[in-house]
Amino acid sequence: MKPVVVLHASQLVTLAGPKRPRIGGEMSDLAVIRDGGMLVRDGKIDIAGPSKEIEKKARDAEIIDAGGRVVLPGFVDAHTHLIFGGNRLDDFERRAHGETYEQIAAAGGGIWSTVEKTRASSDADLFAQAKRRAHWFLKCGTTTVEAKSGYGLTVENELKILRVMRRLNQETPLEVVSTFLGAHAIPRGLRESDYIDLVIKEMLPRVASERLAEFCDVFCERGYFDIEQSRRILTVAKKLGFELRAHVDQLTNSGGAKLAAQLGAITADHLEKTDQEGIAALKSANVQPVLLPGSVYALGSTFYPRAREMIDAGLAVVLATDFNPGSSPSVSMPMMLSLACTHMKMSPAEAIAASTINAAYSLNRGDKIGSLEPGKLANFSIFDCEDYRELGYWFGFSQAHSVYVHGECVRSGGL
Ligand SMILES: [Zn+2]
């Protein structure tokens, strides 16, 4: 493979720094190189530095002229529900008319309608729908996503979803990291205790033996899985070798953050209702908070998580889309940057650290992606702007000019 040289980035946003997630003031240091460039060999970054220096090493390399645009590591989206059948357009319209969640569910909408459509989709159909969405992510500058199962809720359907993820990872340029979320909801017609037994005794061992997921997640919330049920499922998952993530404190402050800390989870996600005590618990176990402003926005709420307090407490905050058909139908990380700066009072630099390097560490990939440093994969995007702050400032459209995975262009065209 011919070496590749990137030249003349107005800002090469490297995020070079310590080999661990960024906390406190470190989140504001993006290690920007003005008129920056990179030399890429065999899909990995060899050197990053001022264009003048990189140019000298260009010789037989293929040259990519960034033309005074911003270059950023590919976004790492650490929380998505990427694989599902259909959409929830009817729910969207009903919400616009002021109907409540209960009314929508009674009219045949809600999560159950997605479970039915996902079960009814063949492997090929589910893959085709997911592939289209994978390209949406790439279009917005995201090169790695975490994806959760959870719309199957039977052994075969959960496995079907996880196999679609594996195929997506193999057959598209988007890197997909799999999470098993069998404990997403109690399926209709089953008793809670019977379903939890099914998750623990059949699903988890099958997913583990087929190596279909690295992480296990639980929706810990009133009406879904309570603290003790969540603890039971996650404890078994940990024994089987899964790393843990958990949906906690989204609608009620039920002590989910504390549970994540007690179990040594890598992340605690949502946290809209987490209080000071929960934040302290997360810090005591270095759990990374994954904040999901897209779902707050799309549900029409104003109850955003306390990002400022979390950063001030020294937590390595992560931002993600929570892409799903019900509460966050957006793949756009730039949109999340906008929401984080506008509604959560994160600075533009903090929001970028949270959606690249910190997100990479939350997926156990901090040594490979999330920053533009020698030895890391050449996953990066060129954006049609001169200043990284423009990414969250102009909102509602993608400014991605071109996107590269392992040094190869996977998306181009610009505005
Ligand atoms: Zn979620």
Side-chain angles (χ1 to χ4, degrees), residues 1-23 25-78 138 141-145 173-175 177 288 316 318 333 349-350 352-383 387-388 391 400-411:
M1 208 172 134
K2 212 173 160 185
V4 173
V5 148
V6 181
L7 297 173
H8 306 303
S10 60
Q11 298 177 331
L12 185 81
V13 182
T14 69
L15 288 114
K19 293 187 189 323
R20 54 169 175 74
R22 306 298 148 75
I23 56 170
E26 292 169 356
M27 287 183 71
S28 303
D29 181 8
L30 301 184
V32 172
I33 302 171
R34 287 181 191 283
D35 192 9
M38 294 189 291
L39 174 63
V40 174
R41 281 187 203 280
D42 300 323
K44 288 186 178 170
I45 298 164
D46 201 29
I47 328 169
S51 281
K52 263 189 208 157
E53 280 174 31
I54 303 295
E55 220 161 5
K56 289 178 203 156
K57 324 250 178 194
R59 284 191 291 266
D60 58 339
E62 178 196 334
I63 292 177
I64 300 165
D65 190 339
R69 298 181 181 89
V70 167
V71 176
L72 213 75
F75 288 120
V76 178
D77 192 341
L138 290 165
T142 297
T143 51
T144 297
V145 299
L174 186 69
E175 182 186 22
V177 180
Q288 287 191 259
V318 176
M333 203 59 99
E350 288 169 340
I352 285 174
S355 52
T356 55
I357 189 74
N358 279 5
Y361 275 103
S362 85
L363 294 178
N364 282 334
R365 280 160 174 72
D367 58 338
K368 293 191 184 72
I369 53 173
S371 65
L372 301 176
E373 294 178 274
K376 287 204 174 179
L377 293 174
N379 294 358
F380 62 92
S381 303
I382 302 177
F383 288 95
D387 185 312
Y388 70 80
L391 290 172
H401 170 272
S402 44
V403 182
Y404 294 79
V405 171
H406 299 185
E408 276 184 60
C409 186
V410 297
R411 179 88 221 168

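We use all heavy atoms of the structure for the numbers below, so side chains are in, but hydrogens, waters and symmetry mates are not.
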- Query: Are any of the side-chain nitrogens in K368 or E175 under 4.0 Å away from the carboxylate oxygens of its partner?
  - Reply: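 No, no charged N to carboxylate O under 4.0 Å.
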Give the minimum heavy-atom separation between [X] and [Y], together with the two atoms involved.
X    : Y    : result
A316 : Q288 : O-NE2, 3.0 Å
L39  : I54  : N-CG2, 4.1 Å
G366 : K376 : O-NZ, 2.8 Å
V70  : S10  : N-OG, 3.6 Å
T143 : Y404 : CG2-O, 4.0 Å
Y388 : A349 : OH-CB, 3.8 Å

- Message: Which residue in the set L377, V76, V177 passes side-chain contact (heavy atoms from CB on, under 4.5 Å) when paired with R365?
- Response: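 Of the listed options, the one satisfying the test is V177.
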- Query: Can you tell which of L15, L30, V13 makes a side-chain contact (heavy atoms from CB on, under 4.5 Å) with S371?
  - Reply: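 Of the listed options, the one satisfying the test is L15.
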- Query: How would you list, by chain and number, every residue that makes a side chain to side chain contact (heavy atoms under 4.5 Å, CB included) with E55, sequence neighbours excluded?
  - Reply: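 Listed in chain order: L7, H8.
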- Message: Checking N364 now: which residues fulfil side chain to side chain contact (heavy atoms under 4.5 Å, CB included) with it, not counting sequence neighbours?
- Response: F215, E243, I266
With rounding to the nearest 0.5 Å, note down the distance linking [atom1] in [X] to [atom2] in [Y].
X    : Y    : atom1 : atom2 : answer
T144 : I369 : OG1   : CD1   : 3.5 Å
L72  : T14  : CG    : OG1   : 10.0 Å
Q11  : D387 : CD    : CG    : 4.5 Å
N358 : R20  : CG    : CZ    : 10.0 Å
I382 : L12  : CD1   : CG    : 10.0 Å
L363 : D77  : CG    : CG    : 9.0 Å

- Message: Go through it in stages, so that I can follow the logic: the residues are F380 and V6, the test is side chain to side chain contact (heavy atoms under 4.5 Å, CB included), and I'd like the CA-CA distance, side-chain angles, deciding distance and then a yes or no.
- Response: CA-CA 11 Å; F380 62 92; V6 181; 3.7 Å; yes
- Where does the angle between the aromatic ring planes of F383 and F75 fall among parallel (under 30°), tilted (30 to 60°) and perpendicular (over 60°)?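 F383 vs F75 ring planes: tilted.
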Could you tell me whether the side chain of [X] and the main chain of [Y] form a donor-acceptor pair under 3.5 Å?
X    : Y    : answer
R22  : P18  : yes
D46  : V40  : no
S402 : R411 : no
K44  : G375 : no

- For residues V5 and E62, determine if any side-chain heavy atom of one lies less than 4.5 Å from a side-chain heavy atom of the other. no
- Less than 4.5 Å apart, any side-chain heavy atom of P73 and any of I357?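 A side-chain contact is absent here, since even the closest heavy-atom pair is not under 4.5 Å.
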